[in-house]
Every structure is written in structure tokens, then in C-alpha cells.
Amino acid sequence: MDMKQRIADLAQEMLHAAFPEAQGLPQDLAALMEVPPDPAMGDYAFPCFKLSKALRMGPPQIAQKLAAAVEKPEIARVECVGGYLNFFFNRENFARELLSAIMAAPEKWGSGEEGKGKTVCLDYSSINIAKRFHIGHLSTTVIGNSLRRIYDFEGWKTVSINHLGDWGTQFGKMICAYKKWGDKETVEKGGVDEMTRLYVRFNSEAKKDPALEEEGRAWFKKIEDGDPEVLEIFHWFKDVTLKDAMRVYDILDVHFDSYAGESFYADKTGRVVKELEEKGLLKDSDGAKIVDLEEWNMPPCLILKSDGATLYHTRDIAAAIYRKETYHFDRCLYVVAYQQDLHFKQLFKVLELMGYDWAKDQCQHVAFGMVSVGGEPLHTRTGAIVYLDDLLRQAIDKARGVIEEKSPNLENKDEIARQIGVGAVVYSTLFSNRIKDIDYPCNKTTSMGEDGAEQTDYEINWDKALSFDGETGPYVQYTFARCCSVLRKAPQDLPAPDYAVLTDDESQALLRLLSRFPEAVSDACDRNEPYLVTRAVTDVAKAYNKFYYEHRILDDDPAATAARLQMTDACRQVIKTGLYLIGLSAPERM
Ligand code: ARG
């Protein structure tokens with residue numbers, strides 16, 4: 001029940017009736033259809049400006065002429081305002097048709113078939129081995145996870161890939177440091193933090209003793225050559241890192257189909273180099289091999305260092321080709337911060353120059369803005385770093401406190417606290433368009449660290465994000481729980497709904513939003529913008545609450561009760577779907 005399409009079809013019919021001879025009119029009228037800024041001006045507005053030339057008539061006159069040809073049961077009336085023809089639905093009919101359509105397959109409302117038979121690869125989260133999962137990786141993780149769900153809902157086959165950063169000389173250095181100063185137990189216990197400590201120590205010692213660098217490289221060479229003893233340590237480092245990351249993925253309910261990271265492509269870069277050579281794209285530059293991109297106003301793409309080592313780009317070229325050949329994707333998305341904009345422009349250009357035409361329109365860098373805490377950008381070296389597990393833990397603890405205060409008798413408090421805490425964090429991350437920088441407001445305190453050095457502690461200011469009011473995840477979740485609670489009180493054996501009780505402004509406002517939800521999901525998919533779903537589901541929640549305060553749902557008239565309950569049920573389902581699509585749980589009680 002796509003109302004926009006229906007009105008567009010209707011406009012088409014009217015156009016035909018009013019101007020039977022006309023030629024050269026726009027074909028897709030749905031694309032022209034607008035939503036008036038104020039519902040008092042109608043449910044949909046059809047702008048006549050683009051018809052003016054073909055019909056040789058002013059837009060207001062066209063609107064007048066079209067208006068005369070309207071005669072449809074689903075339309076209560078039309079109004080001509082300027083060059084617009086505004087349509088007003090027959091409210092009762094709209095309520096009946098829409099709710100019947102939603103209730104026929106509630107869980108599918110908003111889904112689509114745009115992606116039927118198509119595959120999308122989504123590269124997101126893509127953490128680095130031996131580094132702790134910090135909030136800089138929050139956006140890629142939650143945007144990617146949401147896009148995966150959205151694409152899936154639109155009928156695509158999705159392949160989610162965690163392109164691990166697990167290749168490079170730093171791993172040789174780390175193993176070197178481990179061999180010199182580390183031991184198994186300490187790493188098992190200290191996890192990623194201990195690995196970082198070893199790496200930091202290596203770098204400071206190497207400043208005093210440059211020969212260490214060479215040693216580090218030699219260890220990396222052993223990884224490259226597949227020395228079993230060294231590989232064992234390397235894989236163990238990976239396992240330790242992934243075990244840490246898994247905790248975060250479990251809390252967030254994020255999953256991957258593949259963890260093929262950079263090391264996976266180590267033996268696939270030879271082919272890339274050979275191919276680049278054969279295609280005459282490789283150039284020498286001080287012993288290194290590059291692809292010159294000057295013609296496209298970009299710095300060269302580095303393929304091999306002078307010592308023959310491959311680079312981030314080399315492995316990304318191999319990865320893109322591998323993904324195409326393995327998954328036959330129709331789209332390949334890279335959810336990575338905008339700082340890597342140039343990297344991806346170069347990558348796609350090189351692939352295109354290699355003759356892989358698909359790179360141009362199927363590969364896409366889904367960029368997002370910077371994350372900062374308390375106005376300070378995140379940087380490992382300055383120490384202004386907030387780890388994701390700490391952040392989530394804080395949010396969950398706070399949510400637990402809120403529950404204790406508001407619903408002391410709730411069952412399952414820990415799980416609900418997880419859902420709300422995570423909901424607050426994820427929702428804030430997906431509230432605005434991707435490219436917008438996000439700053440988490442926080443309180444800073446300085447304290448003495450274990451080693452006697454001064455350290456800054458960041459505590460995010462959770463009050464706003466966790467509020468059950470306003471534009472927050474918990475607010476939308478709370479509205480969902482409210483719908484569930486209303487439905488639990490529903491009397492048995494109700495008669496058929498009387499849709500005439502849903503013709504008031506509040507009910508109609510809610511119904512309009514429910515009817516537009518599918519379009520929001522489809523736009524979010526087309527533009528790779530989860531926030532469009534965040535906004536849509538928030539608007540539904542707000543409209544439901546408005547309706548809830550203004551109307552008695554459990555009425556003396558059972559047919560009226562039936563109608564309002566059905567609308568509540570439809571709303572409950574749409575909120576549940578919307579929350580799911582942005583990666584939030586929907587607790588039935590909170
Ligand atoms: N590991 C990289 C980072 O943390 C992101 C990798 C993104 N994916 C890719 N195919 N380059 O910056």
C-alpha cells in the first residue's frame with residue numbers, strides 16, 4: 001500500500017483525462033510528489049511546474065484543470081494552491097487500507113525487493129590487531145551493522161566482512177618485543193593492553209638502538225615466510241585481540257560472515273603486482289613501485305616499497321578483486337572514516353585502470369565524520385582515548401541505575417539495562433547523517449595513574465543519551481514498551497474495528513508516518529544513511545505518544561477500542577522493525 005505511488009497513479013490518470021493529447025510529460029510522477037510542510041495543506045502535493053512547458057500553460061491553471069477531473073473514493077478533496085495540487089485523503093478509508101495492509105504481514109512492513117538477486121559486500125568495523133577497540137571504531141561498527149540489516153530487509157544478499165588490520169612490519173616488532181621482554185602468561189592476562197605495552201617499549205628502545213628495527217623486520221620476514229613457530233605467536237596475538245573484540249560485538253549484537261583481513265591477501269598480492277606490470281601501470285620511483293595518478297590529480301598509489309613489501313593499498317586491491325570473484329557483488333561498501341577518502345579514491349581509480357569497470361559504480365566509500373569526546377579528538381598518543389568496552393559498560397551501569405529508580409520490580413534487569421545502555425550509545429551514533437562529526441559530552445577528571453603519571457579520565461555525560469524523553473534510543477524503546485503494555489491490557493473478543501475513530505489529527509499524523517516508513521527504509525538503503533531510519537522511527541514514537549496522551553485507547557465502545565488497538569499494534573511493529581534496523585533491541589517492558 002504505497003500511498004505516494006497511488007496518488008501518483010491517480011495524478012497520471014487525471015492528467016490523461018484533462019489533457020488527452022499531451023506529449024512529452026514526465027513519466028515518473030511519484031518522483032515529483034511532495035509532502036506538504038504542514039498536514040493542514042494536504043497529505044501529498046503534486047507540483048505542476050514541470051508540466052508547464054509540455055502543456056504550454058501556467059502551473060496554477062494546470063492544477064485547476066486537473067482538480068476538475070478528480071473523483072475517487074480514497075480522496076476526500078483536492079485544493080489548488082499556487083502551482084500545487086494538494087490531495088487530502090479520505091481519512092477513514094486511509095486508516096482502514098493502511099492498517100489492513102500492515103496487519104496482513106506486520107513484520108514485513110517497510111521491507112522491499114529492490115535487492116532481490118543482488119549481493120552487497122559490507123566492509124565495516126575492520127579493527128586492527130593488537131590494538132584495543134576504541135570509540136573511533138564505534139561509528140564504522142554501528143553504521144555497518146545497521147546497513148547490513150537495512151540491505152537485508154530490502155532483499156539483498158549481504159556479506160559482512162571484518163577486514164582485519166593484521167599485516168605489516170609492526171607485527172614483526174611486536175613479536176620481537178615479546179621474545180625479548182614478554183611472556184605468555186602476562187600477555188594472556190593483560191591481553192591487548194600488554195601487547196600495546198610491548199610495542200611501545202619496542203619503539204622507545206629502538207630509538208636508542210637502531211639495530212632493533214632490523215631485528216623487527218627480520219621477525220616480520222619470518223611471518224611472511226610462514227615460519228611455523230612465529231606464525232603460532234602471530235595467530236595467538238590475533239586470537240587474544242579478537243577475544244577482546246568479541247566481547248564488544250556480543251554486547252552490540254554485531255556479526256560477520258568473514259574475518260578475512262589484510263594477512264589473508266598476503267599471498268594474493270603477487271597476482272596484483274603481475275597484473276599491474278602487464279597492463280603497463282607500474283612505475284619505478286626511487287626503487288618503489290607506484291601507479292601514477294597525476295592525471296586524476298591524486299598522489300601516486302604505492303604498490304611495493306623498495307624492499308619489496310606490499311602496502312595497505314596493494315592488499316586492498318587484492319581484496320576487492322577477491323570479493324568480486326568470490327561473492328560476485330553488485331555493490332561493495334567500505335564503511336571507513338572520511339580521513340581515508342583519498343585512499344579509496346586511489347583504490348577505485350587503480351582498479352578501474354586495471355580494467356575492472358565495476359570499481360567505478362559498484363565500489364563505494366561510505367564515509368563518516370570524526371568522533372570526539374568532550375571536544376577532543378581521539379588519538380592514541382595524546383591519551384585522549386576512550387575504549388569502547390569501557391564506554392558501553394558505563395552506559396549499561398547508568399541504565400541499570402535508571403531502571404532501579406523507575407522500575408524496581410522489573411524482571412531481567414541486567415539484560416534490559418544492556419539493551420537500554422547500548423541503545424543510548426548506538427542511537428546517538430546513528431542520529432545524524434554520517435558525515436557529521438560526533439562529540440560525546442563528558443566530564444573530565446585528572447587522577448594519578450598506577451605508574452604515578454597523571455592521567456585524564458573521561459566520563460561521558462549519560463543523562464541526556466539515557467533520558468526517556470526527547471530524541472534518544474531509550475525514548476523510542478520506552479514507546480515500544482508502552483505499546484506492548486497497552487496491548488497486554490486489550491480485552492478479548494473485540495468486534496471489527498471502527499476506523500471512523502481514527503480520523504482525528506493525531507491518529508492521522510501517526511498513520512501518515514507509518515505509511516511513509518517503507519520509503520524511509522528504502523531511502524536509507526539508497527543513500528547508505530541509517531539516520532533516515534533513526535529519524536523515521538523517532539517520529540513514529542513521538543506521534544504515538546501524542547496520540548496516547550490525547551485519546552482513550554480502551555474505550556467504552558469496543559469497535560473504537562479495536563481500531564485504536566490495531567493502530568497501536570501496527571505502531572508497535574514498526575517501532576520494533578525500525579529499532580532492529582539501526583541495531584537496537586526492543587524490550588517489551590522497561
Ligand atoms: N583497519 C583499518 C583502520 O582501522 C580500516 C580498514 C578498512 N577496510 C579496508 N578494506 N581498507 O583504519
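Numbering starts at 1 and runs along the sequence shown. Fair warning: this is a prediction, and the values are worked out from it, not measured in the lab. Below, each value reflects all heavy atoms present in this structure, side chains not excepted, and no hydrogens, waters or symmetry copies.
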- Message: Among Lys436, Arg535, Arg434, which residue satisfies the salt bridge (Lys or Arg N to Asp or Glu O under 4.0 Å) criterion with Glu529?
- Response: Arg434
- Kindly say whether the aromatic ring centers of Tyr334 and Phe344 come within a distance under 6.0 Å. yes
- More than 12 non-hydrogen atoms from neighbouring residues, nucleotides or ligands closer than 6.0 Å to CD on Gln364, yes or no? yes
- Query: Do any N or O atoms from the side chain of Thr561 and from the backbone of Leu554 form a donor-acceptor pair under 3.5 angstrom?
  - Reply: no
- Residue pairs fulfilling salt bridge (charged side-chain N to carboxylate O under 4.0 Å, His left out) with at least one residue in residues 108-127, sequence neighbours excluded: Asp123-Arg323
- Say whether, by atom type as modelled, one donor and one acceptor occur between the side chain of Thr479 and the main chain of Tyr475 under 3.5 angstrom. yes
- Query: Tyr249 and His255: aromatic ring centres closer than 6.0 Å?
  - Reply: no
- Message: Is there a side-chain contact between Glu97 and Arg6 in this structure, where contact means two heavy atoms from C-beta onward sitting under 4.5 Å apart?
- Response: yes
- Quick one: does His365's side chain get under 4.5 Å of Lys345's, heavy atoms only? no
- Item | Test item: Phe19 and Leu55 side chains (from C-beta on) under 4.5 Å apart, heavy atoms | yes
- Note on the structure: Taken in chain and number order and not counting sequence neighbours, the residues that satisfy side-chain hydrogen bond (donor to acceptor under 3.5 Å, both in side chains) with Arg516 are none
- Query: Do Arg564 and Asp569 pass the salt bridge (charged side-chain N to carboxylate O under 4.0 Å, His left out) test, and can you show the C-alpha distance, the side-chain angles, and the key distance before you say yes or no?
  - Reply: CA-CA 9 Å; Arg564 295 194 178 118; Asp569 202 8; over 6 Å; no
- Has the side chain of Asn93 got a donor or acceptor atom that lies under 3.5 Å from a matching backbone atom of Glu74? no
- Evaluate the side-chain proximity of Asn90 to Glu92: yes if any heavy-atom separation is below 4.5 Å, no if none is. yes
- Query: Any salt bridge between Lys4 and Glu34, counting N to O under 4.0 Å?
  - Reply: no
- Ion pair check, Asp250 and Arg418, cut-off under 4.0 Å: no
- Taking 4.0 angstrom as the limit, do Glu107 and Lys576 come out as a salt bridge? no
- Is Glu506 reaching over with its side chain to a backbone N or O of Tyr544, donor-acceptor style, under 3.5 angstrom? no
- Item | Test item: Trp109 and Met103 side chains (from C-beta on) under 4.5 Å apart, heavy atoms | no
- Where do Met33 and Ala11 come nearest, in terms of heavy atoms and distance? CE-CB, 4.4 Å
- Query: Can you tell me how far the CG atom of Leu579 sits from the CZ atom of Arg149, to the nearest 0.5 Å?
  - Reply: 10.5 Å
- Query: Are Phe94 and Tyr499 close enough that their ring centres sit under 6.0 Å apart?
  - Reply: no
- Message: With a 3.5 Å distance limit and no angle check, can you tell me whether Thr472 reaches the backbone of Phe468 through a side-chain donor-acceptor pair?
- Response: no
- Message: For the backbone of Phe329 and the side chain of Lys324, can you confirm whether one donor and one acceptor N or O come within less than 3.5 Å of each other?
- Response: yes
- Item | Arg148 to Tyr124, cation-pi by 6.0 Å centre distance and 45° axis angle | no
- Side-chain donor/acceptor of Gln508 to backbone N/O of Arg91, under 3.5 Å: yes
- Message: Could you tell me if Arg572 sits above the aromatic ring of Phe480, with its cationic atom closer than 6.0 Å to the ring centre and no more than 45 degrees from the axis?
- Response: no
- Item | Expected output: side-chain Ser467 to main-chain Asp469 donor-acceptor under 3.5 Å | yes
